[in-house]
Amino acid sequence: MLRIAIQTKGRLNEQSTALLHEIGIDIEGAKRKFLSKAANFPIEVLYLRDDDIPQVVENGTATLGIVGLNEVAERGCDVEVVAKLGFGGCRISLAIPKGDEYPGVEYFQGKRIATSYPKILRQFLAENGVQAQIEVITGSVEIAPAAGIADAIFDIVSSGGTLVTNGLKEVERVFESEAVLIANRNLLAEEREVLEELLFRMESERVSRGKKYLLMNIPTAALDEAVKILPAMRSPTVMPLAVEGWCSLHSVVDAADLWDKVRQLKAIGAEGILVLTLDKIIP
Ligand code: PRT
Ligand code: ZN
């Protein structure tokens, strides 16, 4: 039985749960429990604060975890980052009062910087030969300069709205983060196998996202043109129609290109175009 740790509540909880659901792991109705078994897969879900997830995966209490890469780096835990998950995107940046002139990293020489990420900050300052005082605070770091606790901050930014509200400006993007799947370093062979199955399902979910299934009737004479417009995984599926000189063409397209493709296909004589929502592509 594999155990995966995810955030109990917070920014990553909803999408972590949604991801498990999308790949067929059903833990519905189990939200309030600390540990829940999946109904249809050899996995159980452990709900934790995000701060604790890297450590429980490192020490083997959980086999896998879903957590921000920022937490993995800050905790300095020795875990394997197995996959980037494409949500929870943010960065950890240095920000200073917006009225201050910014000559470069030397600005921070001798300054006090408030942060919840001292380890990542210490490394950045050392790499840049800057000596500064790090004030560790957990929560509401952005108010530290106005409160007189620090001259600058090193904190998570996504839209940048919080910085603006607090009269600050972002001057150095130090660490790019997103939610990642992490794994314990010493997986047993059968655990590795279950992990491979999870990764396979995630990959199929990723390639299916934003795709549409397209089918239409097309004059057989226009088929070569149509195939050029629709580069499918191998090639589009073509089936003859009962009516002489026509066939039915099926393909998968990116939703972003849909209207452009439809226009081109109509121009070469396609009729009865159906656009269907696609559930999964199994590569
Ligand atoms: O309770 P628990 O300890 O589990 O949760 P938490 O409160 O420590 O973390 P949580 O739920 O706030 O965030 C979990 C993870 O989400 C973080 O570790 C990041 O990997 C990721 N993430 C993505 C973010 C943001 N975006 C984000 N914007 N984490 C925090 N923020 C904060 C940011 O610090 C700022 O104060 O949200 C505020 C709004 O940001 P702006 O720039 O959009 O205004
Ligand atoms: Zn936390």
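Both ligands and their constituent atoms are indexed starting at 1 by order of listing. All values below were derived from every heavy atom in this structure, side-chain atoms included, with hydrogens, water molecules and symmetry-related copies excluded.
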Could you tell me which atoms of ligand 1, counted from 1 in the order shown, lie closer than 4.0 angstrom to a heavy atom of [X]?
| X | result |
| --- | --- |
| Q7 | 2 (P), 4 (O), 5 (O), 9 (O), 10 (P), 11 (O), 14 (C) |
| G10 | 11 (O) |
| G68 | 20 (O) |
| R49 | 1 (O), 2 (P), 3 (O), 4 (O) |

Among protein atoms, how many N/O/S atoms lie less than 2.8 Å from the Zn ion (ligand 2)?
2

Please state which part of [X] comes within less than 4.0 Å of ligand 1, counting heavy atoms only: side chain, backbone, both or neither.
| X | value |
| --- | --- |
| T8 | neither |
| N70 | side chain |
| R11 | both |
| S158 | both |
| L163 | neither |

Greater than 12 external heavy atoms within 6.0 Å of D224's CG
no

If a pair satisfies ring pair (Phe, Tyr, Trp, His ring centres under 6.0 Å) and one of its residues is in residues 164-194, list it, with sequence neighbours excluded.
none

Checking heavy-atom distances from atom 43 (O) of ligand 1 to each of G88, S159, A179, G161, the winner is S159

Looking only at non-hydrogen atoms, the one of I156, T165, I53 nearest atom 34 (O) of ligand 1 is I156

I'd like to know if R75 and D52 make a salt bridge, using a cut-off of under 4.0 Å between side-chain N and carboxylate O.
no

Is it true that R209 and E205 make a salt bridge, defined as a side-chain N closer than 4.0 Å to a carboxylate O?
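Answer for the salt bridge query: no.
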
Kindly compute the distance separating CG (L274) from NZ (K212), expressed to the nearest 0.5 Å.
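Between atom CG of L274 and atom NZ of K212 there are 13.0 Å.
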
How far does CG of L187 sit from OG1 of T63, to the nearest 0.5 angstrom?
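It comes to 7.0 Å.
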
Please determine, by modelled atom types, if Y117 and E71 share a side-chain donor-acceptor pair under 3.5 angstrom.
yes

